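Report on one structure; see the data block that follows.
Fair warning: this is a prediction, and the values are worked out from it, not measured in the lab. Count residues from 1 along the sequence.
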Amino acid sequence: MTDAPSTGFALDQLTASLKEYAREGTETAALGLLIEHDYWLRRIAYHHPQFVKVDEGVPWRLDWIEMCKAFSRNELYASTTQNAILQIALSIQVFGAGVNLGDVLPSLDRTNTAAVLRAIAEAAGHPDVIG
């Protein structure tokens, strides 16, 4: 993997590339949650380009493990809801990145709860369960 430019990314180009090259399954589900929520991809694109890597000829890929480490070190702190969304996305994609749903779910509004449910259903292989 090579490093991303330190100046950030155009959000639309980053999002398009990430969607196109996301590995099916958990990565697609976790990425979909971040895209739907919007905050974290903007923050990564403009303030944390170090979490975007070029991998095996793919233009851009999120470095989920490094994001998880940074979150664990409190380097990515945001609002309670924003943190909950990132924690859930990380727990979907990064093995061992557990989240206590009882702690984070109460911070989600109806829209974010629906996004989380869709991501979990997609990660479980049942994207049609939640409409």
Side-chain angles (χ1 to χ4, degrees):
M1 284 189 174
T2 59
D3 291 337
S6 61
T7 57
F9 296 93
L11 182 61
D12 58 339
Q13 292 175 337
L14 175 63
T15 302
S17 179
L18 292 174
K19 285 171 65 173
E20 182 176 352
Y21 294 103
R23 296 176 188 105
E24 287 194 30
T26 58
E27 185 173 21
T28 301
L31 178 62
L33 178 57
L34 295 185
I35 290 170
E36 189 169 348
H37 186 258
D38 191 50
Y39 173 80
W40 284 107
L41 276 189
R42 286 182 185 281
R43 185 163 166 185
I44 290 164
Y46 301 128
H47 303 291
H48 298 287
Q50 72 270 25
F51 298 125
V52 180
K53 303 290 182 180
V54 176
D55 184 20
E56 299 171 12
V58 174
W60 295 318
R61 184 177 303 285
L62 289 180
D63 191 334
W64 292 95
I65 293 171
E66 288 304 315
M67 284 192 330
C68 190
K69 290 176 185 177
F71 186 81
S72 296
R73 293 187 303 260
N74 293 321
E75 295 172 7
L76 296 175
Y77 192 79
S79 75
T80 302
T81 297
Q82 292 160 343
N83 283 341
I85 293 294
L86 183 58
Q87 280 183 284
I88 293 167
L90 290 170
S91 73
I92 290 171
Q93 177 57 18
V94 179
F95 181 77
V99 61
N100 184 332
L101 293 175
D103 287 343
V104 299
L105 291 179
S107 69
L108 302 179
D109 61 15
R110 183 178 182 87
T111 301
N112 288 315
T113 298
V116 166
L117 291 173
R118 281 189 291 278
I120 291 170
E122 184 174 350
H126 307 289
D128 57 333
V129 170
I130 308 295

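For residues 73-99, every residue pair satisfying the salt bridge (charged side-chain N to carboxylate O under 4.0 Å, His left out) rule, not counting sequence neighbours, is listed here: R73-E75.
Applying the side-chain contact (heavy atoms from CB on, under 4.5 Å) criterion to N100, with sequence neighbours excluded, gives D103. Y77 pairs by the side chain to side chain donor-acceptor pair (under 3.5 Å) definition with nothing, not counting sequence neighbours.
How far CD of E66 is from NE2 of H48: 13.5 Å, rounded to the nearest 0.5 Å. For the atom pair CG of L86 and CD1 of I44, the computed distance is 7.0 Å after rounding to the nearest 0.5 Å. Atom CG of residue L90 and atom CZ of residue F95 lie 15.0 Å apart, to the nearest 0.5 angstrom. Of the inter-residue distances, the one linking I65 atom CD1 with Q93 atom CD reads 8.5 Å to the nearest 0.5 angstrom.
Classification of R118 and E36 as a salt-bridged pair holds, one side-chain N sitting under 4.0 Å from a carboxylate O.
H37 and Y39 have perpendicular rings, their planes meeting at more than 60° on a 0 to 90° scale where under 30° would count as parallel.
A donor-acceptor pair under 3.5 Å is formed between the side chain of S107 and the backbone N or O of V104. Put simply, the side chain of D63 never gets that close to the backbone of V52: no donor and acceptor are under 3.5 Å apart. A donor-acceptor pair under 3.5 Å links the side-chain atoms of T15 to the main chain of L11, judged by distance alone.
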